[in-house]
Amino acid sequence: MVTPAHDSVPAGTHIGHVHLKVADLDRAVRFYQEALGFDLITRFGEQAAFLSAGGYHHHIGLNTWESKGGSPPPFGATGLYHFAINYPTRRDLAVALKRLLDWGWRIDGASDHGTHEAIYLHDQDGNGIELAWDRDPVAWPREGERLVMYTRALDFEGLMAELAPQITPAVTAGA
């Protein structure tokens, strides 16, 4: 294990919301609501909107303060590569993928990284998005104490099988 030359942030620290510059607020809100399933929490006219899952104040902020009518950054420019939306269960990831496909959205790629499964896409403004489900950390691949991540093909068939109805055995009276 590598010993850091600085004080590390506490283990419970997590990355909070993402705030994205968009060209068209209505278009962006529609995508994040309908294609990804987030709830609109509040909106500030034609300038900004805040969306979330589960009633949180916001996971995604959208604004046109510096970008109304603008174009995505050119290929090769620096900036955000993607942000991740982590789903609590593998089935939730399958539901998200189905929603996107039903909406007619194209995905850019998908991978199994050992630690998590990921689906990659871009919104209309060129913002990269990773839809992900983390495996239980005890199942993460390791060599000794070192975490080993990889990139393999995502098992789409197995992922979509998560959408099959759950069958529970019937209980017979008097048995």
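Quick note: residue numbers are just sequence positions, from 1. Predicted model, so just to flag it, every value in this text is computed and none were measured.
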Using every non-hydrogen atom in the two residues, find where Ile41 and Ser52 come nearest and quote the distance to one decimal.
CD1-OG, 3.4 Å
Look at the side chain of Arg142 and the backbone N and O of Gly144, then say whether any donor-acceptor pair between them is shorter than 3.5 Å.
no
Report the distance from atom CD of Glu117 to atom OG of Ser111, rounding to the nearest 0.5 Å.
10.0 Å
Rounded to the nearest 0.5 Å, how far does CG of Asp155 lie from CE of Met160?
11.5 Å
Applying side chain to side chain contact (heavy atoms under 4.5 Å, CB included), run through Thr89 and Glu162 and close with a yes or a no.
CA-CA 10 Å; Thr89 69; Glu162 296 284 333; over 6 Å; no
Compare every heavy atom of Val148 with every heavy atom of Glu143, then report the nearest pair and how far apart it is.
CG-CG2, 3.5 Å
Pair Asp112 + Arg135, salt bridge at N-O below 4.0 Å
yes
Just wondering, more than 12 heavy atoms not from Tyr81 lying within 6.0 Å of its OH?
no
Under 4.0 Å between a side-chain nitrogen and a carboxylate oxygen: does that hold for Asp92 and Arg90?
no
Are side-chain heavy atoms of Phe83 and Leu20 found at a separation under 4.5 Å?
yes
Should Asp123 and Arg27 count as an ion pair when the cut-off is N to O under 4.0 Å?
no
Electrostatic pair Glu34-Arg99, nearest N-O below 4.0 angstrom:
no
Side-chain contact test, heavy atoms from C-beta onward, threshold under 4.5 Å: evaluate it for Lys21 versus Leu80 and give yes or no.
no
Could you see if Phe156 belongs to whatever hydrophobic cluster contains Leu101? Use Ile, Leu, Val, Met, Phe, Trp, Tyr and a side-chain cutoff under 4.5 Å.
yes
So Phe38 and His59, would you call those rings parallel, tilted or perpendicular, with 30° and 60° as cut-offs?
tilted
Which is it for Val22 and Tyr32 under the side chain to side chain contact (heavy atoms under 4.5 Å, CB included) test, yes or no, and what are the steps along the way?
CA-CA 12 Å; Val22 300; Tyr32 284 93; 5.7 Å; no
Any donor-acceptor pair under 3.5 Å linking the side chain of Trp140 with the backbone of Thr115?
yes
Return the CD1 to CD1 distance between Ile85 and Ile119, rounded to the nearest 0.5 Å.
11.0 Å
To the nearest 0.5 Å, what is the distance between CD on Glu130 and NE2 on His116?
4.0 Å
Donor-acceptor contact below 3.5 Å, side chain Asp125 vs main chain Asn127
no
Assign the ring pair His58 / His17 to parallel, tilted or perpendicular, where the plane angle (0 to 90°) is split at 30° and 60°.
tilted
Do you know which two heavy atoms are closest between Ala132 and Leu93, and how far apart they sit?
N-CD1, 3.9 Å
I'd like to know if the side chain of Thr64 reaches the main chain of Glu46, judged simply by a donor and an acceptor atom lying under 3.5 Å from each other, with no hydrogens or angles considered.
yes
Are Leu62 and Trp103 in one and the same hydrophobic cluster, where Ile, Leu, Val, Met, Phe, Trp and Tyr link if side-chain heavy atoms are under 4.5 Å apart?
yes
A side-chain contact here means heavy atoms from C-beta on lying under 4.5 Å apart; do Ile129 and His82 qualify?
no
Would a 4.5 Å heavy-atom cut-off, applied to side chains only, mark Asp24 and Gln124 as touching?
no
CA sep, side-chain torsions, deciding dist, call: Leu121, Leu131, side chain to side chain contact (heavy atoms under 4.5 Å, CB included)
CA-CA 8 Å; Leu121 60 135; Leu131 307 180; 3.8 Å; yes
Donor-acceptor check, side chain of Ser67 to backbone of Gly70, threshold 3.5 angstrom: yes or no?
no
Single-linkage hydrophobic cluster Ile107~Phe31, side-chain heavy atoms < 4.5 angstrom:
yes
Tell me whether the rings of Phe50 and His19 are parallel (<30°), tilted (30 to 60°) or perpendicular (>60°).
perpendicular
Any side-chain heavy-atom pair from Leu159 and Trp133 closer than 4.5 angstrom?
no
Please check this pair: side chain of Trp105 against backbone of His122, looking for a donor-acceptor N/O pair closer than 3.5 Å.
yes
The single option from Leu40, Asp39, Leu36 that satisfies side-chain contact (heavy atoms from CB on, under 4.5 Å) with Leu51 is Leu40
Is there a side chain to side chain contact (heavy atoms under 4.5 Å, CB included) between Arg43 and Asp26? Walk through the geometry before answering.
CA-CA 10 Å; Arg43 185 171 174 148; Asp26 290 332; 2.5 Å; yes
Check for me, please, whether Tyr56 and Val29 land in the same ILVMFWY cluster - side-chain distances under 4.5 Å, paths through other members count.
no
